[in-house]
Amino acid sequence: MRRNVQTLVVLLAGAAMLHVALLTDMYLRYVKEGLRPFLIASGVLLIVLGLIGAARDGFPFVSRGNQPPPPRDVPASADEHSGSGHDHGHHHDRPPLVAWLLLVPVLALLLFPPPPLGSYTASRDGGLTVELPSKYGKLPASDPVRLSMTEFTGRVTRDDGNGLDGRTVALTGFVTPRPGGGWFLTRHLVSCCAADSVSLKVRVHGAEAPPVDTWIVLTGTWRPGTGDALAVDAAAVTPVPTPANPYGDTAPPAT
């Protein structure tokens, strides 16, 4: 019976992996987009291993023909134990409760997927840095200039603004509170998965903060010469739905 529980966990884990990778975009909450083929391959492998285990152990839905079940090994002292009024054989065959608890995270992934990382993680960022280019091309002539958070950060910190002074920019991210007052526009970036995420933050001036973790398009102008190297004077704050890929650092779409 314990093997049957293990097999069931493997099958459900494979089904959950295929569900999030094939039928939804939910996998983007855990890993970057390029890892989708590996998730699909892993899910298929788990399903195959689970079916092999089911055929070996005789799951109720796997036919074993008319073969009788394998005999159990009865210990020599069985007669002595039988007089004690305890059915030891049945107790030994039951899986422990902890084995069933292994199903909880798998079922949670299928039924109650966690939200993408938000302000809580951003407030505890370990201070890892993001690789940023030192040079960028010419900005478009029309405003607002739609930039990813990575490009905006790079233009300000690595290229002295590169023409951003006085220009109206549009950025996408979510709201996080700033210690000591105020708020940030924030975006998480991942190299591989959510576990290695780092956050980029831009302090926002001149606008009241929407609720924490709200996704917005921020339109405003870069504020140079302040204590905050990354700061924007807000002209408009527009709530938007959470993007399908919350860790994909993209510029706001044209409207």
Side-chain angles (χ1 to χ4, degrees), residues 8-51 102-126 128 130-132 144 146-154 169-176 183-202 210-219 237-255:
L8 180 61
V9 172
V10 171
L11 285 170
L12 286 177
M17 198 169 294
L18 290 179
H19 172 73
V20 301
L22 279 176
L23 304 180
T24 70
D25 292 326
M26 201 184 306
Y27 74 99
L28 293 171
R29 300 183 183 183
Y30 312 102
V31 299
K32 64 188 307 181
E33 190 171 7
L35 294 180
R36 186 178 195 179
F38 299 97
L39 288 180
I40 295 173
S42 299
V44 170
L45 179 60
L46 288 173
I47 293 290
V48 171
L49 292 176
L51 292 176
L102 294 174
L103 294 175
V104 174
V106 177
L107 293 176
L109 178 63
L110 283 170
L111 303 175
F112 308 104
L117 300 179
S119 59
Y120 179 84
T121 304
S123 66
R124 288 155 179 80
D125 195 309
L128 297 176
V130 179
E131 288 271 345
L132 299 171
R146 302 180 183 277
L147 300 174
S148 68
M149 288 281 281
T150 305
E151 183 175 357
F152 177 76
T153 302
V169 298
L171 308 169
T172 300
F174 60 91
V175 177
T176 59
W183 58 286
F184 293 114
L185 179 74
T186 305
R187 194 82 191 238
H188 285 300
L189 304 179
V190 300
S191 298
C192 174
C193 61
D196 64 19
S197 69
V198 295
S199 58
L200 294 177
K201 300 176 183 178
V202 174
V212 172
D213 289 323
T214 301
W215 280 83
I216 64 170
V217 172
L218 171 68
T219 305
V237 174
T238 306
V240 294
T242 302
N245 185 359
Y247 310 130
D249 186 26
T250 56
T255 56

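Quick note: residue numbers are just sequence positions, from 1. The basis for the numbers below is simple: all heavy atoms, side chains too, and nothing from hydrogens, waters or symmetry mates.
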Going through the distances and angles, do L22 and I40 end up as a side-chain contact (heavy atoms from CB on, under 4.5 Å)? CA-CA 7 Å; L22 279 176; I40 295 173; 3.5 Å; yes
Check [X] against [Y] and note the closest heavy-atom contact, atom names and distance.
X	Y	value
V202	M149	CG2-CE, 3.7 Å
V237	P210	CG1-CG, 3.7 Å
N245	E33	ND2-OE1, 4.1 Å
G14	L46	CA-CB, 3.7 Å
A170	V217	CB-CG1, 4.5 Å

Is there a donor-acceptor contact under 3.5 Å from the side chain of D196 to the main chain of V190?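 Checking the backbone N and O of V190 against the side chain of D196, no donor-acceptor pair under 3.5 Å is found.
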Spell out, as yes or no, whether a donor-acceptor pair under 3.5 Å connects the side chain of K32 to the backbone of S191.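 Yes.
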Check side-chain contact (heavy atoms from CB on, under 4.5 Å) between [X] and all other residues, then give those that pass, not counting sequence neighbours.
X	result
A194	L117, Y247
T242	P116, W215
L39	M17, A21, Y27, V31
T24	H19, V20, M26

May I have the step-by-step check of side-chain contact (heavy atoms from CB on, under 4.5 Å) for L189 and L200, ending in yes or no? CA-CA 8 Å; L189 304 179; L200 294 177; 3.6 Å; yes
Does the pair L11 and L51 meet the rule for a side-chain contact (heavy atoms from CB on, under 4.5 Å), with working shown? CA-CA 7 Å; L11 285 170; L51 292 176; 4.2 Å; yes
Qualifying residues under side-chain hydrogen bond (donor to acceptor under 3.5 Å, both in side chains), relative to T186, sequence neighbours excluded: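 If we apply the side-chain hydrogen bond (donor to acceptor under 3.5 Å, both in side chains) test to T186, skipping adjacent residues, the hits are T176.
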Taking only residues two or more places apart in sequence or in another chain, which ones pass side-chain hydrogen bond (donor to acceptor under 3.5 Å, both in side chains) with S148?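 None.
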Spatial distance of atom CD (E151) from atom CG (L171) [nearest 0.5 Å]: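 One finds 10.0 Å between CD of E151 and CG of L171.
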Once you round to the nearest 0.5 Å, how far does OG of S199 lie from CZ of R187?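 One gets 12.5 Å once the value is rounded to the nearest 0.5 Å.
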Steps toward side-chain contact (heavy atoms from CB on, under 4.5 Å) verdict (I216, V175): CA-CA 8 Å; I216 64 170; V175 177; 4.3 Å; yes
Hey, are the side chains of T121 and H188 touching, using non-hydrogen atoms and a 4.5 Å cut-off?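 Yes, side chains in contact.
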Donor on one side chain, acceptor on other, T150 and D249, under 3.5 Å: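 Judged by distance alone, the side chains do pair up.
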